Amino acid sequence: EKLKMGLSKTRNGIVDKVDSVLKAYKKVDEELFEELEEILITSDAGVNTTMEIIDRLRTESKKRKITESEELRYLIKEILIDILTLEESNELNVSNSPSVILVVGVNGVGKTTSIGKIAHRMKGEGKKVILAAGDTFRAAAIDQLEIWSNRVGVDIIKHQEGADTAAVIFDAIQSAKSKNTDILICDTAGRLHNKKNLMNELGKVSKVLEREFSEAAKETLLVLDATTGQNAIQQAKVFKEVTNINGVVLTKLDGTAKGGVVLSIANELNIPVKLIGVGEGMEDLQLFNPNDFVNALFG
Ligand code: GDP
């Protein structure tokens, strides 16, 4: 129900439109497919993903001899779930103790907020969490993360503005070890305008983490803002080039009617969405699962 509420704009933006088109056309024909294509494109599903979905709809409805548009609704759900289901799991990989979550993303996408929400969720599961204020580029980023650490009630390791991110994270690892921490969540700076800097910085951080954590205990999450639509896909492509992303946190889904970008992330980037942000509060973070998501949209 909470998911449904968080997705209400996207429900209005996509599903209500799909339903009214299905109702208007009644019979499955090429015109109906064109209308559906239009809805997907305008909801930021991306051209390639939209084409793939429509092609599959066309082929499958023929194969199954679906002629009434009412029946098409079920097929649409089925195809969307399939598009969202990747080989890699949508679950956060944090069962090892200690585990580390490296959080990357451009400024303003909701990185700090998401870290706070994840910490809150993990703490709620009885885990001991430490935050590392690795975005040392802006003093405000360190302050914001500290506010969240107080709000959630977890420790934070921070250095001065301008300090070396890898050094902060190294310190945080030592602290995590000495305090029997289950999960270390590391913030990083999100200056995308300089790819070389980003690569150097994340490369250094990755080396520090690799020394201390096995691949199985390490998760790199990219935070993307759903309201930026296909821009988010461009950001993801750059981050994918410089680091190994295990999952996406898609924020601000509550603030857009164009949640179709979630399809694009799965289909074009082949990265599982693991968490979605549906509000500004501590509790407004949901685990992502293709079935629940599509059912909340169409349910
Ligand atoms: P950062 O610069 O990436 O660390 O971004 P912040 O975490 O500071 O978030 C930027 C703004 O987006 C803040 O006003 C947050 O409250 C807001 N925000 C973050 N996540 C969500 C979300 O899921 N939904 C909504 N509506 N707002 C969000």
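Atoms within a ligand are numbered from 1 in the order they appear, just like the ligands themselves. Being a predicted model, the structure only gives us computed values, none of them experimental. Because only heavy atoms are used, hydrogens play no part in the values below, and waters and symmetry mates are left out as well, while side chains stay in.
- In terms of modelled atom types and a separation under 3.5 Å, the side chain of S69 and the main chain of K26 share a donor-acceptor contact.
- Atom 10 (C) of ligand 1 has its closest protein heavy atom at G108 O, 3.8 Å.
- Distance CG/L287 to CG/L275: 6.0 Å, rounded to 0.5 Å.
- Salt bridge present: E219 and K274 bring a charged side-chain N and a carboxylate O closer than 4.0 Å.
- D284 and K117 are not joined by a salt bridge, as no carboxylate oxygen comes within less than 4.0 angstrom of a charged side-chain nitrogen.
- Taken to the nearest 0.5 Å, the CG atom of L285 stands 11.5 Å off from the CD1 atom of I115.
- Ligand 1 lies less than 4.0 angstrom from a heavy atom belonging to V278.
- With a heavy-atom cut-off of 4.0 Å, K117 touches ligand 1 through its side chain alone.
- In this structure, a donor-acceptor pair under 3.5 Å is absent between the side chains of T136 and E161.
- By heavy-atom distance, the residue among V103, D254, T113 lying nearest atom 6 (P) of ligand 1 is T113.
- Short contacts between ligand 1 and K252, defined as distances under 4.0 Å to a heavy atom of the residue, involve ligand atoms 12 (O), 18 (N), 21 (C), 22 (C), 23 (O), 24 (N), 25 (C), 27 (N), 28 (C).
- Any N or O atom pair closer than 3.5 Å counts here, and G279 shares at least one such pair with ligand 1.
- Of the candidates G110, A226, G277, G110 brings a heavy atom nearest to atom 5 (O) of ligand 1.
- Close N/O approach between T112 and ligand 1 is found [any backbone or side-chain N/O within under 3.5 Å].
- Ranking protein heavy atoms by distance to atom 3 (O) of ligand 1, first place goes to K111 N, 2.7 Å.
- Ion pairing of D155 with K179 is present here, as a side-chain N (NZ or NE/NH1/NH2) and a carboxylate O approach within less than 4.0 Å.
- Closest to atom 13 (C) of ligand 1 among all protein heavy atoms lies E280 OE2, 4.1 Å.
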